[in-house]
Each structure stands twice: as C-alpha cells, then as structure tokens.
Protein chains: 2
Amino acid sequence: MNGKATTTRTRLDRGRSALGPALELVHTGRAPTRAVLTAELGVTRATAGAVAAELEALGLIRVDSNPGAAAGSQGRPSHRLAVDEKGPVALAAQVHPDGFRAALVGLGGTIVATAPGSVVVSADPAQVLGAVVDAGAALLAESGRRCVGAGLAVPSAVAEPEGTALNPLHLAWPAGAQVRQIFAERVREAGIEGPAFTGNDVNLAALAEHRHGAGRGARDLLCVATGHRGVGGALVLDGRLHTGSAGLALEVGHLTVNPEGRPCHCGGRGCLDVETDPLAFLTAAGRVPGPEVSLLQQSRDLLRTSPDDPGVRVAVGELIDRLGLGLAGLVNILNPDRIILGGLHRELLDADPERLRAVVADRSLWGRSGGVPILPCTLDHNSLVGAAELAWQPVLDDPLTALSRESV
Amino acid sequence: MNGKATTTRTRLDRGRSALGPALELVHTGRAPTRAVLTAELGVTRATAGAVAAELEALGLIRVDSNPGAAAGSQGRPSHRLAVDEKGPVALAAQVHPDGFRAALVGLGGTIVATAPGSVVVSADPAQVLGAVVDAGAALLAESGRRCVGAGLAVPSAVAEPEGTALNPLHLAWPAGAQVRQIFAERVREAGIEGPAFTGNDVNLAALAEHRHGAGRGARDLLCVATGHRGVGGALVLDGRLHTGSAGLALEVGHLTVNPEGRPCHCGGRGCLDVETDPLAFLTAAGRVPGPEVSLLQQSRDLLRTSPDDPGVRVAVGELIDRLGLGLAGLVNILNPDRIILGGLHRELLDADPERLRAVVADRSLWGRSGGVPILPCTLDHNSLVGAAELAWQPVLDDPLTALSRESV
DNA sequence: TGACTTTGTGCCGCTACTAAACAAAGTACG
DNA sequence: CGTACTTTGTTTAGTAGCGGCACAAAGTCA
C-alpha cells in the first residue's frame, strides 16, 4: 500500500495536502484519536484513515489499534494516534553564557536524550559550535535514530536572511558572527542529515511554549523573558514565529518604562532592558552582585531565600511596575491574546501576579485589554525544544517531500 | 461551459482552488496577462486558461483577445487580463468629523462613483449611517451594477468580535456604539445585497495602500497616520490586516516620545498622540487654532503658505523628532519592511524626509533598520478603498461560493 | 442478546489538476 | 517575402486526492 510515492510529481503538486496539517495536529497533541483527527481536518473518515496510514508508513506516528481504556464513551472506540517512539528525531542545540546543551527531540516536543555541555569559553563561534554539534552527533549515534535536521538557539538577535548573530550577549563572540552558516557547516561536517537552522533563544522558547506549553491554543502569543542581561521578546502569530522583515522584530528592550530611569546605551533612558533585568533587580534590592553564579541565579536565590526582606519587596514592586508598563505598551501595539513570561520576569509574575496584572490593565488602553492572561512559562528547556521545532518544521509542512528529500 | 456550479459541494471542497489567488492577482494588478498569471500561480497554461475563463464567466474579469500593442517582445502576444468594467462593485463608506462619503469601488480598487456627503451632525450613529447607506444605495441604483457587499471606515478603534466603536473621535457618538451591527442593519434595510463590514479608517487605509498604493509588494507594512486628533497605526502582514485578538492592535498613540512632554489622558506624558497630532503642530508653531476648518487642514495650510516661517520650521523639526522616536520604537517591535505615513505625518515627511529617516535610523537598533523605506501615502481616499477591500475579500477568497451565495 | 452509537474501510465517481502534443500569432533574419 | 524561431493558447488524455456511500467492526446500553 506504500511505496507509491515514486510517480510523477511536480512543483505545485504537494501530494496529499492534508498530510502536513494532520501531522501537526498529532505533533501538538490536538489529535489523540483518528476520530478527532477527522473532525479537526474537516475531511471524511476515509481520508483521515488514509492520511494516518500514510503517516504511519512514513514512520512518524503509530496507530494503536488496541484502544486500551475506551474512556467510557459510547460507540466503537477510536484508534489512538501517538508519536512513533522509534521515529526520527531533531537535533537541538542551545548555547548560553554558562555553557551549551545538545539534545534529541522527537515529534511532540519530547526530549529523547540530552547532553548538558561543559563550559566552552571561546571567542570563536566555530569552535563552540563544533563542540556542540559533536555532542549532538554522539547522542544521535548512540540512539541510532534517523535525524530530520538540526536547530540551534542562541542568546542573540539573528538577522535575516543572513543568519548573523548581532549581539551575542555574554558569549564573547564577535557581533555579526555568521552563526547560521557556521552551524550548518559543522552539522554537515559531522555527517548529520537534514537542514540546519538557527534562531534567537527567546523566539524559539515562544515557539515551543506555543506548541507544547503555556501558549497552546493562543492565536497571538507574546512572550517576554529576561535571562542574564537584557530583555527579549517574541511573537507567535497563527502558529508561526513573527520575526519581521530582517529578523529583528520584538526587540522590546528599549521601550521607555521609566522617564527618570538610568541611561541606556541605546541613547534613551529608563529602557525596559536596563530597568527589569537581573542586574536592575539586584541593585534595586541593594545587593552587590557577585561574580560566582549568573545574575539570574543570584536573583532567583535572593527571591527564594528572603522574599520578605524589605529591600527585596521594594525591588520586586519596582520591577513589576516597570515591567507592567512595558507589557502595557506591547499590548497596545500587538494586542496579543496571551502573554507568557520567562526568566526573571516569570519570577516577578510568581511573586505578585495581581500587581503585575493590575499595572498592565491600568496602562493598556480599553480596560478590556486588562483581561489579557499573563502566564509563566511551563516548559523545561523551551529554547531547546523550540530549536527542534525549526528542524521539524519542513516535515510538518510537507512530510512526504521533506522525508524523501533527505534519504537522497 | 458554465452553470456547472450546482453539483454537490461540501465544506472543504472549495471548488477550483486557484480561482481566488488568480482573482487577487488581477485585483492587485500583478497579473496583466495570462502568461504572467500562469507564472504567478505556478500552474500550467491549461489551468491558467481555464481559471481565467471561469473568472470571465463569473463576470469579474475580461480576457482581451485583442492584444493591441504587443510590447515588442518575441513570441505570440499574450491575451490581456483586465477588470470587467461592467462587473460587480463594492459599496464603500466613510464617516469622519467633517461629514461622510459613499462610493462604489470596483475590482482593482478603482472608485467608480462617489457621493461626497454633506455634514450630518448627530449623536445617533444609526441616523448618520442611515444617511450614508442611503447615499450608497442611490449610487448603486444609478449604476445598475451588482453589489458584492458593503464596507464602512470609521475614525475609531473597532473592537472585535463585537464591532463596537470604542473611541469615535469627534463624531459625537457614544463610546461603545455597535457600529458594525447598526451599519449591517441599515445595509440590509436598504436592500443592498452582500455582507457588511466595518473597520478602523487607518487600518483600512493601510490595507488599500498595501494592495493598490505605496505599500504594494511589502510583506510587513506599517502605516501610521494622524488625521484631526490622535494618531492611528496599522499593520499588514502577508497581505492581511493584523488587528490583534480584540481588534485593538496598533494603538500606537501612547508610545512615549518625549519624557518631558505634556501629560496625556492615558496617565503617561509625552505620548505620540499628544506630541505629533495637528493640535501639537499648531501650538508648537505658536498658532492659535481657529474653529472654522479642521485642525489638519489648518496645519496643511500653514505648512503650505509659510514653510519658512521660523516658528513653523521649529515646529516641523520638533514634531519630526518626536515622530521619528515613535517610529523607531515601532521598528524595534515590528521590524516592518516598509513604513507609510498619512495625514499630517505625511506632510512632515514631505517637509524634511532626511531628518525623519535619520532619527528613525539613529534610534532603532541595528543600524540596518535605518534602511526601512518611509513613504507617503499615494492613494486618494485610501480608507474608502480599504473599506471596499473588506467587502471584496470574500470574493477574493473564494469567488465561486461568494458570488453564488449572494444570488440566493 | 439485540438495538444503538460511533468508528474504520472498500468502492465509485467527480474534479482539479499535469503532461504532452498541437495550433496560433507574433518577431528575427535570410 | 518566406521560413525558422519563440512564446502563448488549446485540446486531449491521464492521474491523484477526496467526497459520498454502503457496509463492517467494536464497543455501550437496556
């Protein structure tokens, strides 16, 4: 029943057009059974069955004829759809100031294997990415699974279409490094099949949260996060990352949130960047940051150990007000239907969710915008999973050609 | 060859799927001949021919077998594709503080007939919209052409999905008026066929400019304009208006552009709204606005009559700097590949384009963003044409069902 | 145990396309 | 002036995807 994909096939003939959407439904967990797959795709049962069979033949999903527990509903129990645990994986990688991490991520966004990287301090991206890719290649060899491609998350804006890292924060890399090209070269040299992609870590975190985390079901998802220094933003529209025309959208760090604030290198003063990042928090709390662990970790520790310290409380309130002002500005411009916070911003939200929501509601127009849900990130290693999403995307778009192109 | 559209047709069977894209290509002027239609659609000549024939049978376009001037190229001259001048039209309407305007807009965004409205001062939207629709109905009757639907542009944010006007600027309407519903009722009562739509005027202007004006070909188009009071923004992504989850996106008026600026009703100070609108311009130029004509007209007159007046020059420079700061903020967030300015902002751009571009380049990150083209609006009555686009949209999406549904 | 409900599957036909061969309508050039 | 060439339109045949339908399968409910 399979093996008929060798017929004449031309540019616009994308084969079975429902194949991609169907795989995406399974991938995002929205099609647990063939019955709901039928409903979600809006096709007949016959078509849905054929599509599922084809995806199974491709080794991507499994159709479980044994329903197990029938959930108590009437009628014939539906066959369950699940990701094939022996199916292909994507190689995901992430570099950050404390080191790197490589992982294999299967369909559905599950991390299959991971290799926490030791610190590689080098001003040469090629060297660092070489180590990252080697770790990933080792994981791949160990698992013996097929690879659909590789994705890399970097803590820097990535300019399109060149794929250069414009501000590799605290990586000691030169600004403008050709990370995408370097990563792709290393991937190819390591003999890893499939295309290689590179993206900003906050962007990729947002993508991952949208598909597998707190952002599921949102149409316009705004994600704001601060890691060690600076603030990053991301926007997912209709399930696709909005990176703007040059990949530089959602550079939200320089919204003015405090007219009397400290000066910023951008030329303004009181920018979100310098007013709500971990350094701002520590100084507002009257602490002198030490050099041993990351500023984010120090902030977290401080919040956890002495949440009732007067200085900490003041700092939390101050940063929440500033962050709220920034989020309100973004709400006025983007009008998202959900906001997700990561890093220190997530901690601030946890510390006093009511206050943050109140500020956003107060300063965004049309009171009803105050109803925007603001949620914390829920996924572990969301940037990593998001990097894998990049690699999976071609398969999700068109499983047939993506998988057949690779075997060539 | 026609009349076969009465066969069984179900939810997902959208008939000839290339029909909509083909019509859109003709509509936006990107398919002057059948040959380029073939290329743009990425189909065979046979298919393109059939699609064109079907659109002609629907009375939407004309296939000109007489090529006229063959443009000097080699090979057989291609048949020209043109909008059918006897084809259906959309009823477009616009209300503004100085009155209203109704028009018939054909495919391609050409205004076929127009009725400049006398001033209707009324706090009752139903009364005003009744007069607008009546004027439109008269135009329709006079033209004798079929109507695909109606669109209305209002100078107010329109909340989705209810379609209420949240801040009907200077219309004396109550905030929260159900404009969409009221307009739809009046349209139905007037016996006008087709669905009725309502949108914000700046949003619709952006849509029109994107399809027929200065925004043609842009993928991420940002439009900023100020009419009489306040500033409006709009974003067109991939050819579709981005209105956000509640229709309130691009409320750009409250970006901070002057930390020491005048207070704004939003709670902040130095907002784009109060710093770059006509009132701000007139006061910065040391003029006392009179009540006779609109503030925008007074500003234009002042710019035209005494551009070298010292006060005017200072005011122009000041407002350009403020506007540039606001645009830079938007560039950092949205990263558009083109910016279009309307109303007074357009006049400011014309007055000193270099200065505005320099400010935007200086204050948006990654110098290359300074390369964002900033252009003036080019379309007359772009909000009106945009309103018509709303009405045309169902036809562009699926000509077959949209036109057949109407005749029922 | 039988009626009912829901899900999966085989078969038929429709339709929107591609492919390929041919026809048409012009230019380029001897 | 006529022939070769180039590009465009048209006809015909063939194919793939999917809807519609009838039937089978697998459970629940009385």
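In what follows, chains carry the letters A, B, and so on, assigned in the order in which the sequence lines appear, proteins first and then strands, with residues in each chain numbered from 1.
Close to C/dT18, at under 4.0 Å from its OP1 or OP2, lies a side-chain N or O of B/T44. At least one side-chain nitrogen or oxygen of B/S17 sits closer than 4.0 Å to the OP1 or OP2 atom of C/dC17. For B/T33 and D/dT8, the shortest distance from a side-chain N or O to OP1 or OP2 is not below 4.0 Å.
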Scan the side chains in residues 82-92 of chain B for donor-acceptor partners under 3.5 Å anywhere in the protein, sequence neighbours excluded, and list what turns up.
from: B/D84; atom 1: OD1; to: B/K86; atom 2: N; distance (Å): 2.8
from: B/E85; atom 1: OE1; to: B/R62; atom 2: NH1; distance (Å): 3.1
from: B/E85; atom 1: OE2; to: B/R62; atom 2: NH1; distance (Å): 2.4

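When rounded to the nearest whole Å, the span between CD of B/E54 and P of D/dG9 equals 18 Å. Rounded to a whole Å, the CZ atom of B/R80 is 11 Å from the P atom of D/dG9. The distance from atom CD of A/E56 to atom P of C/dT9 is 10 Å, rounded to the nearest whole Å. For B/L19 and C/dT15, the CG to P distance is 15 Å, given to the nearest whole Å.
Here the closest heavy-atom approach between residue B/A150 and residue B/V187 is recorded as CB-CG2, 4.0 Å.
Shown here are the salt bridge (Lys or Arg N to Asp or Glu O under 4.0 Å) partners of A/R338, two or more places apart in sequence or in another chain: there are none. The ring-ring contact (aromatic ring centres under 6.0 Å, His included) search around B/H242 returns none, not counting sequence neighbours. Applying the salt bridge (Lys or Arg N to Asp or Glu O under 4.0 Å) rule to A/R219 yields the partners A/D238; only residues at least two apart in sequence or on another chain are considered.
When each of A/A46 and B/A46 is assigned the nucleotide of DNA chain D with its nearest heavy atom, B/A46 is the one assigned upstream, toward the 5' end.
Listed by first and then second residue, the salt bridge (Lys or Arg N to Asp or Glu O under 4.0 Å) pairs involving residues 21-39 of chain B amount to none (not counting sequence neighbours).
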What nitrogen or oxygen pairs link the protein and nucleotides 5-7 of chain C at under 3.5 Å?
from: C/dT5; atom 1: O4'; to: A/Q74; atom 2: OE1; distance (Å): 3.1
from: C/dT6; atom 1: O2; to: A/R76; atom 2: N; distance (Å): 2.9
from: C/dT7; atom 1: O4'; to: A/R76; atom 2: O; distance (Å): 3.4
from: C/dT7; atom 1: O2; to: A/R76; atom 2: NH1; distance (Å): 3.3

